[in-house]
Amino acid sequence: MQNNINTDTPITSFTLNELIALSGEQRYREGVLKGCIAANSSSQMHLFRFPCRIDAFIIGVGTEGESKVSFNLHEYCLHKDSLFVFGPKNIIETPQTEEPDNFKCHVLIIAPEFMQNLNVDTKHMMPLFLKIATHPCLELSPDESRTLRNFIALIEQETLGEKTEFATDIVSSLISATIYKVGDILGNYLSEHPEVESPVHNRAEAYFKQFTQLLGEHYRRERSVGFYARQLCITPKYLTTLIKHISGKSVSDWIDSYVTLEAKTLLKYSNMSVQEIAYYLNFPNQSFFGSYFKRNTGMSPSQYKACLLYTS
């Protein structure tokens, strides 16, 4: 996997089929193979020990053990009865120090194309799933955890064995039921946490979501607070205040985090030279890039690469 990186998409992206191939899992029905994975086993967290994007929806429930995971640069701790829901194209990473087989879970991974064909009222569900974009990990009650795990176990059971006439329909219906159950849990969570629904908090979260989307699109070329403020039609001071309030980090810190994460990934997993990385990230030259990288990491790009060689 470490070589599955190129200069066009430095942070590796995986489709559902690529995840199946990487995990060595070949037991799913051909008709369902391209649509979803449902599993109850030790996690494959080692697959994500460097930043990557997964083009799929992920719904999981922890069953035992513990693991940290970084989701769009926010760190969460997954453990028994944790619900985690991740959308497509977001950046996922587990710390290098984590034991890969410590955390176990029931997990459901759904390709976007398969999701689009489900019998789910997206207009009704979308507001809830927009909420979980800023709360991707929640604590479940034992009953909620057991119910969701049972749903995922049924989906796994139906993806095994020989292909049948109604296999895809059965799996689709079970996935729809699972999504509605997640919606119920989210609804209960929001009703028990009214502060999440406050207008001020919602407005700040809306700006934060728009900011991170813009940052994901432009961080390679735009590193000024003013650029993102103009895109959002607000003042730099107001943007800084909002982002600091909702995330605890300044706009500049977020920009530096994105750029530094990309730079580290390129230094570790690509064959690009330091100069090529500097130009790729829109620095005027290698010297400017080196100073920026050292200011944010405490070492030069060359020193960082040397440390990687020493610890590998």
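Scope of the values below: all heavy atoms of this structure, side chains included, with no hydrogens, waters or symmetry mates. Being a predicted model, the structure only gives us computed values, none of them experimental.
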A.B. asks: Tell me whether the NZ or CZ atom of Arg146 lies within the 45° cone about the ring axis of Phe151 and under 6.0 Å from its centre.
C.D. replies: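 Verdict for Phe151: no cation-pi partner in Arg146.
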
A.B. asks: Check for a donor-acceptor pair, side chain of Arg223 on one end and backbone N or O of Asn282 on the other, with a separation under 3.5 Å.
C.D. replies: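 The answer is yes, because a donor-acceptor pair under 3.5 Å joins these two groups.
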
A.B. asks: Are the side chain of Glu276 and the backbone N or O of Ser273 linked by a donor-acceptor pair below 3.5 Å?
C.D. replies: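 Indeed, once roles are kept as given, a pair shorter than 3.5 Å links the two residues.
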
A.B. asks: Measure centre to centre between the rings of Tyr304 and Phe293, then say whether the value is under 6.0 Å.
C.D. replies: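 Close enough - the centres of the two rings lie under 6.0 Å apart.
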
A.B. asks: Is a side-chain N or O of Glu156 found less than 3.5 angstrom from the main chain of Ala153, in a donor-acceptor match?
C.D. replies: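 Checked: no pair found.
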
A.B. asks: Residues two or more places apart in sequence or in another chain: which of them pass side chain to side chain contact (heavy atoms under 4.5 Å, CB included) with Gln213?
C.D. replies: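 Once residues adjacent in sequence are excluded, the partners of Gln213 under the side chain to side chain contact (heavy atoms under 4.5 Å, CB included) criterion are Lys209.
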
A.B. asks: Just jot down the side chain to side chain contact (heavy atoms under 4.5 Å, CB included) partners of Arg230, sequence neighbours excluded, or say none.
C.D. replies: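 For Arg230, the residues satisfying side chain to side chain contact (heavy atoms under 4.5 Å, CB included) (neighbours in sequence not counted) are Phe227.
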
A.B. asks: When the ring centroid of Phe86 is compared with that of Phe57, is the distance short of 6.0 Å?
C.D. replies: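 Distance test on ring centres: not under 6.0 Å, no.
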
A.B. asks: Without swapping roles, check the side chain of Ser82 against the backbone of Leu78 for a donor-acceptor pair under 3.5 Å.
C.D. replies: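 It does not hold such a pair.
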
A.B. asks: Would you say the rings of Tyr228 and Phe211 are close, in the sense that their centroids are separated by under 6.0 Å?
C.D. replies: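 Under 6.0 Å, so yes.
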
A.B. asks: Okay, side chain of Ser145, backbone of Ser141: is any donor-acceptor separation there less than 3.5 Å?
C.D. replies: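 No.
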
A.B. asks: Looking at Phe103, is its backbone amide N or carbonyl O close enough to the side chain of Ser67 to form a donor-acceptor pair, meaning the two atoms are under 3.5 Å apart?
C.D. replies: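 No, because the side chain of Ser67 does not come within donor-acceptor range (under 3.5 Å) of the backbone of Phe103.
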
